[in-house]
Amino acid sequence: MAGTFELYTDSAGKFRFRLKAGNGEIIAQGQAYTSKASALAGIESIKRNAPGAGTDDQT
């Protein structure tokens with residue numbers, strides 16, 4: 001099963017999103033946004049930019 005972005009409001013009324021794996025585990029989480037449109041734009045940015053993202057191993 002593919003991952004799913006969840007869009008929700010936090011206790012402060014800000015919009016947030018998280019990416020859940022097919023097994024329901026949260027694997028990424030976005031910052032707090034003041035508008036729903038901004039949160040949706042954050043999701044779209046990840047969808048657009050992440051497929052080719054590299055790994056910066058700083059260990």
Side-chain angles (χ1 to χ4, degrees):
M1 181 174 183
T4 303
F5 283 97
E6 288 186 338
L7 181 63
Y8 64 99
T9 53
D10 64 17
S11 60
K14 303 283 185 175
F15 294 91
R16 292 182 176 267
F17 65 84
R18 56 187 160 227
L19 176 58
K20 285 191 169 182
N23 65 359
E25 182 179 346
I26 297 170
I27 56 175
Q29 185 169 304
Q31 65 187 48
Y33 294 88
T34 56
S35 72
K36 184 176 182 177
S38 294
L40 289 170
I43 291 170
E44 290 306 314
S45 177
I46 291 171
K47 288 180 177 180
R48 189 172 53 253
N49 293 301
T55 301
D56 182 9
D57 185 351
Q58 298 185 4
T59 57

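The structure presented is a predicted model; accordingly, all values stated were derived computationally and were not measured.
- Under the rule for a salt bridge (charged side-chain N to carboxylate O under 4.0 Å, His left out), the partners of Lys20 that lie at least two apart in sequence or sit in another chain are Glu6.
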Throw together a table of side-chain donor-acceptor distances under 3.5 angstrom for residues 51-59, partners on residues two or more places apart or in other chains.
unit_1: Asp56; atom_1: OD2; unit_2: Gln58; atom_2: NE2; d: 2.7
unit_1: Asp57; atom_1: OD1; unit_2: Thr59; atom_2: N; d: 3.0
unit_1: Asp57; atom_1: OD1; unit_2: Thr59; atom_2: OG1; d: 2.6

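- Applying the side-chain hydrogen bond (donor to acceptor under 3.5 Å, both in side chains) test to residues at least two apart or on different chains, none of the pairs has a partner in residues 24-33.
- Summarising the hydrophobic clusters (Ile, Leu, Val, Met, Phe, Trp, Tyr; side-chain heavy atoms under 4.5 Å, direct or chained), the residues clustered with Ile26 are none.
- The side-chain hydrogen bond (donor to acceptor under 3.5 Å, both in side chains) search around Ser38 returns Ser35, not counting sequence neighbours.
- Within the structure, the salt bridge (Lys or Arg N to Asp or Glu O under 4.0 Å) test picks out no pair touching residues 33-43 (sequence neighbours left out).
- For Ala32, the side chain to side chain contact (heavy atoms under 4.5 Å, CB included) partners two or more places apart in sequence, or in a different chain, are Asp10, Lys14, Arg16.
- A search for side chain to side chain contact (heavy atoms under 4.5 Å, CB included) contacts involving Ile43 returns Phe5, Phe17, Leu40, Lys47, not counting sequence neighbours.
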